[in-house]
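Take a look at the structure below.
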Number of protein chains: 2
Amino acid sequence: MMAAQQPTFKALADPTRREILRQLADADMTIAQVSNNFDMTRAAVKKHLTVLSDGGLITVRTKGRERINALNPEGFAPVRDWLGFFEQFWDDRLTDLKTAIEKDHSND
Amino acid sequence: MMAAQQPTFKALADPTRREILRQLADADMTIAQVSNNFDMTRAAVKKHLTVLSDGGLITVRTKGRERINALNPEGFAPVRDWLGFFEQFWDDRLTDLKTAIEKDHSND
DNA sequence: TTGACGTAATACCAAATGGTTTCATATATA
DNA sequence: TATATATGAAACCATTTGGTATTACGTCAA
């Protein structure tokens with residue numbers, strides 16, 4: 001389990017790729033459909049899709065001569081986990097702070 | 001409000017920078033302290049810290065001739081928001097699916 | 001005030017990145 | 001079968017990135 005997070009974060013570093021993900025939330029799309037929404041060549045978009053696929057953020061299924069790209073919810077797990085580490089860390093610190101304050105007030 | 005997310009995601013794309021963040025969770029550190037934990041020059045670490053600062057993920061305070069680097073919880077908001085969009089999206093889709101199933105079963 | 005220390009700033013380099021163009025391959029369709 | 005369509009793949013290019021080394025600057029302490 002516990003997929004490597006590097007390919008995921010690498011994939012998310014480019015604004016075009018994040019925009020592609022946002023658009024795939026609306027509908028699954030072929031490479032041609034995705035590239036219609038961007039001012040760059042189909043080849044460039046294809047490269048971005050490859051990076052997204054390597055990062056596990058999308059899945060690709062073949063339908064005849066078309067490749068249909070779709071979001072892969074599981075691929076977002078590395079980001080969830082990474083963020084979770086820090087959120088948990090801050091939660092714990094807040095809890096510790098509260099505990100310390102209560103302890104202090106017990107001296108009133 | 002609503003900080004630009006590009007500098008944030010850019011900052012998170014490098015494994016060294018994510019490791020620096022993890023270490024800053026344990027304790028605030030000067031540049032020299034951070035660079036002691038990595039097999040690269042202080043100058044290289046300093047560049048990473050600059051990128052992290054540009055991304056809003058850390059804050060730097062001056063204490064004499066030292067610069068103390070610390071995590072900035074607010075800087076994580078772009079990631080929280082970005083992830084939240086997709087989580088919300090999937091939640092809604094799941095809810096819609098459940099509703100559709102219930103509706104279908106009402107024909108029994 | 002004079003070093004020593006912590007950091008900033010710059011120039012430089014190799015490799016990665018994001019784009020292009022061109023050509024090849026596989027599948028639909030007339 | 002012949003042609004159009006959808007994609008894959010490779011070569012190429014400019015810019016960015018992540019590292020280095022070197023030098024300069026501010027601050028502490030003897």
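Computation of the quantities below employed the complete heavy-atom set of this structure, encompassing side-chain atoms and omitting hydrogens, waters and symmetry-equivalent molecules. Chain letters run A, B, ... following the sequence lines, proteins first, then strands; residues in each count from 1.
Phosphate proximity of D:dT17 to B:Lys10: present, with a side-chain N or O under 4.0 Å from OP1 or OP2. Here A:Arg42 does not reach the OP1 or OP2 of D:dT7: none of its side-chain N or O atoms lies under 4.0 Å away. Considering only side-chain N and O atoms, A:Lys46 lies under 4.0 angstrom from the phosphate OP1 or OP2 of D:dG8. Between B:Thr41 and D:dG19, a side-chain N or O to OP1/OP2 separation shorter than 4.0 Å is absent. Distances shown here put a side-chain N or O of B:Arg17 below 4.0 Å from the OP1 or OP2 atom of D:dG18.
Minimum atom distance to the side chain of A:Met40 is reached by C:dG19, of the listed C:dT7, D:dG19, C:dG19. Side-chain proximity of B:Ala43 to the nucleotides C:dG19, C:dT7, D:dA21 is greatest for D:dA21.
Taking atom CG of A:Asp54 as the reference point, atom C1' of C:dA16 lies 15 Å away to the nearest angstrom. A straight line from CZ of A:Arg61 to C1' of D:dA6 spans 16 Å, rounded to a whole angstrom. Between the P atom of D:dT17 and the CZ atom of A:Phe9 lies a distance of 18 Å, rounded to the nearest Å. In this structure, the CD1 atom of A:Ile31 is 5 Å from the P atom of D:dT7, given to the nearest Å. Whole-Å rounding puts the B:Gln6 CD to D:dT16 P distance at 13 Å. The interatomic distance linking B:Lys47 (NZ) with D:dG18 (P) rounds to 9 Å, in whole Å. For the pair A:Gln33 CD and D:dA6 C1', the interatomic distance rounds to 11 Å; values are reported in whole Å. The interatomic distance linking A:Arg65 (CZ) with D:dG8 (P) rounds to 13 Å, in whole Å.
Contact check for B:Met40 versus B:Thr16: side-chain heavy atoms found under the 4.5 Å cut-off. At least one side-chain heavy atom of B:Phe38 sits less than 4.5 Å from a side-chain heavy atom of B:Glu19.
Smallest separation of non-hydrogen atoms from B:Gln6 and A:Arg18: OE1-NH2, 2.8 Å. A:Ile58 approaches A:Leu49 most closely through the heavy-atom pair CD1-O, 3.5 Å.
B:Lys63 comes within 4.0 angstrom of no nucleic acid atom, judged by non-hydrogen atoms across all strands. Residue contacts for A:Ala44: at a heavy-atom cut-off of 4.0 Å it reaches a base atom on one of the strands shown.
Each of A:Asp39 and B:Asn69 lies near DNA chain C, and the nucleotide nearest B:Asn69 is the one positioned closer to the 5' end.
Judged purely by distance below 3.5 Å, without hydrogens or angles, the side chains of B:Thr99 and B:Lys103 never pair a donor atom with an acceptor atom.
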